[in-house]
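A short write-up of the structure that comes next.
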Amino acid sequence: MAGSTEAGTEHVAEDGHEHRSRWPLLAAVGAASLYLSIGLVFVGLDLVPSVVPIVLGGAGAIGLLTGLAGWANEAFIAEYLQRGEGKAAELYTTTMILFLVSDVATFAAGFIYYAVIRAGAWPPAHLPPLLGSLVVINTALLLASSVTLHYGHEALEGGDRRRFLGLLGVTLALGVVFLGGQVYEYYEFVAVEGFGIGSGAFGSAFYGLTGLHGLHVALGVLLLAIAFGRALRGHYAPERDTAIRTTSLYWHFVDLVWLFLVVVLYVGAAL
């Protein structure tokens with residue numbers, strides 16, 4: 001009886017009521033608002049004033065980020081500070097793996113769309129020079145970030161906190177620089193080359209895939225920033241590294257997808 005009572009309290013608040021989180025709902029509403037604003041930008045500017053998608057997009061981004069941050073704090077950080085990782089470590093790792101498996105399908109849909117384009121009339125009427133020094137530098141930055149994160153995790157497991165913090169900080173910085181490079185690349189293509197998302201089927205495929213990947217990198221940078229902040233507060237140890245392990249899995253997946261994007265979109269388009 002005592003064991004069952006103790007297990008039941010894990011999901012019941014002190015007042016005897018089951019705890020229900022509001023953060024996922026806020027994140028979902030924010031994401032819906034953000035998607036709606038993007039849709040209005042592309043197809044609905046003739047229907048609503050331009051200020052509407054701006055307001056919806058800003059509010060949606062804030063709601064999404066706030067919901068995700070609150071949800072992560074409530075589900076992981078707060079519980080960790082109270083109970084430690086315990087048996088939940090394997091669950092978190094398995095959940096991340098399942099998420100990445102489902103994410104493969106998301107990117108696969110984009111690659112299939114691109115394959116359909118390549119099966120038709122090729123090359124497109126307007127194809128800017130995609131291969132250049134910028135994509136090479138961005139690729140090198142992302143690959144280097146995987147290396148620094150891997151060895152940073154090894155340093156944590158080996159008890160070298162100073163090296164772990166340094167390599168984790170470098171990984172975070174490389175991710176931020178990569179995002180800056182992608183923004184600059186978009187500027188060059190749109191402002192200089194006149195190649196945008198509306199530039200035919202290839203334009204939609206290119207910006208759809210690279211934009212989706214950029215969104216994943218941005219989320220990864222957010223995860224790294226949270227992990228770095230927690231690391232500075234001493235939340236990690238050799239036997240307490242679940243968040244670093246799951247973040248590493250996500251980041252290595254994002255890097256692998258980028259390699260496929262470079263080979264298929266950048267190199268493949270030039271052939």
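Scanning for side-chain contact (heavy atoms from CB on, under 4.5 Å) contacts around Val51 gives Pro49, Val55, with sequence neighbours left out. With sequence neighbours left out, Tyr114 forms a ring-ring contact (aromatic ring centres under 6.0 Å, His included) with no residue at all. Scanning for side-chain contact (heavy atoms from CB on, under 4.5 Å) contacts around Ala201 gives Tyr113, Ile117, with sequence neighbours left out.
Contact record, Asp255 with Ser145: OD2-OG, 3.6 Å, taken as the closest heavy-atom pair. Closest heavy-atom contact between Ala155 and Phe164: CB-N, 3.7 Å.
When side chains are defined from C-beta on, Leu149 counts as touching Leu168, because their heavy atoms get closer than 4.5 Å. Looking only at side-chain heavy atoms (C-beta outward), Tyr186 and Phe195 stay at 4.5 Å or farther from each other. Under the 4.5 Å side-chain criterion, counting only non-hydrogen atoms from C-beta, Ile54 is not in contact with Ser37. In this structure the side chain of Leu142 never reaches within 4.5 angstrom of the side chain of Leu174, judged on heavy atoms. Side chains of Leu141 and Asn138 form a contact here, defined as non-hydrogen atoms less than 4.5 Å apart.
Val135 is not connected to Val177 by any chain of hydrophobic side-chain contacts under 4.5 Å among Ile, Leu, Val, Met, Phe, Trp and Tyr, and they are in different clusters. In the hydrophobic clustering of ILVMFWY residues, with side-chain heavy atoms under 4.5 Å counting as a link, Val190 and Leu134 come out apart.
Applying the ring-ring contact (aromatic ring centres under 6.0 Å, His included) test to residues at least two apart or on different chains, the pairs with a partner in residues 252-271 are Phe178-Trp258, Phe206-Tyr266, His213-Trp258, Trp258-Tyr266. A side chain to side chain donor-acceptor pair (under 3.5 Å) check over residues 159-179, counting only residues at least two apart or in different chains, returns the pairs Thr148-Thr171.
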For residues 97-106, tabulate all N or O donor-acceptor pairs below 3.5 Å that involve a side-chain atom, not counting sequence neighbours.
from	atom 1	to	atom 2	distance (Å)
Ser102	OG	Phe99	O	2.6
Asp103	OD1	His216	NE2	3.2
Asp103	OD2	His216	NE2	2.5

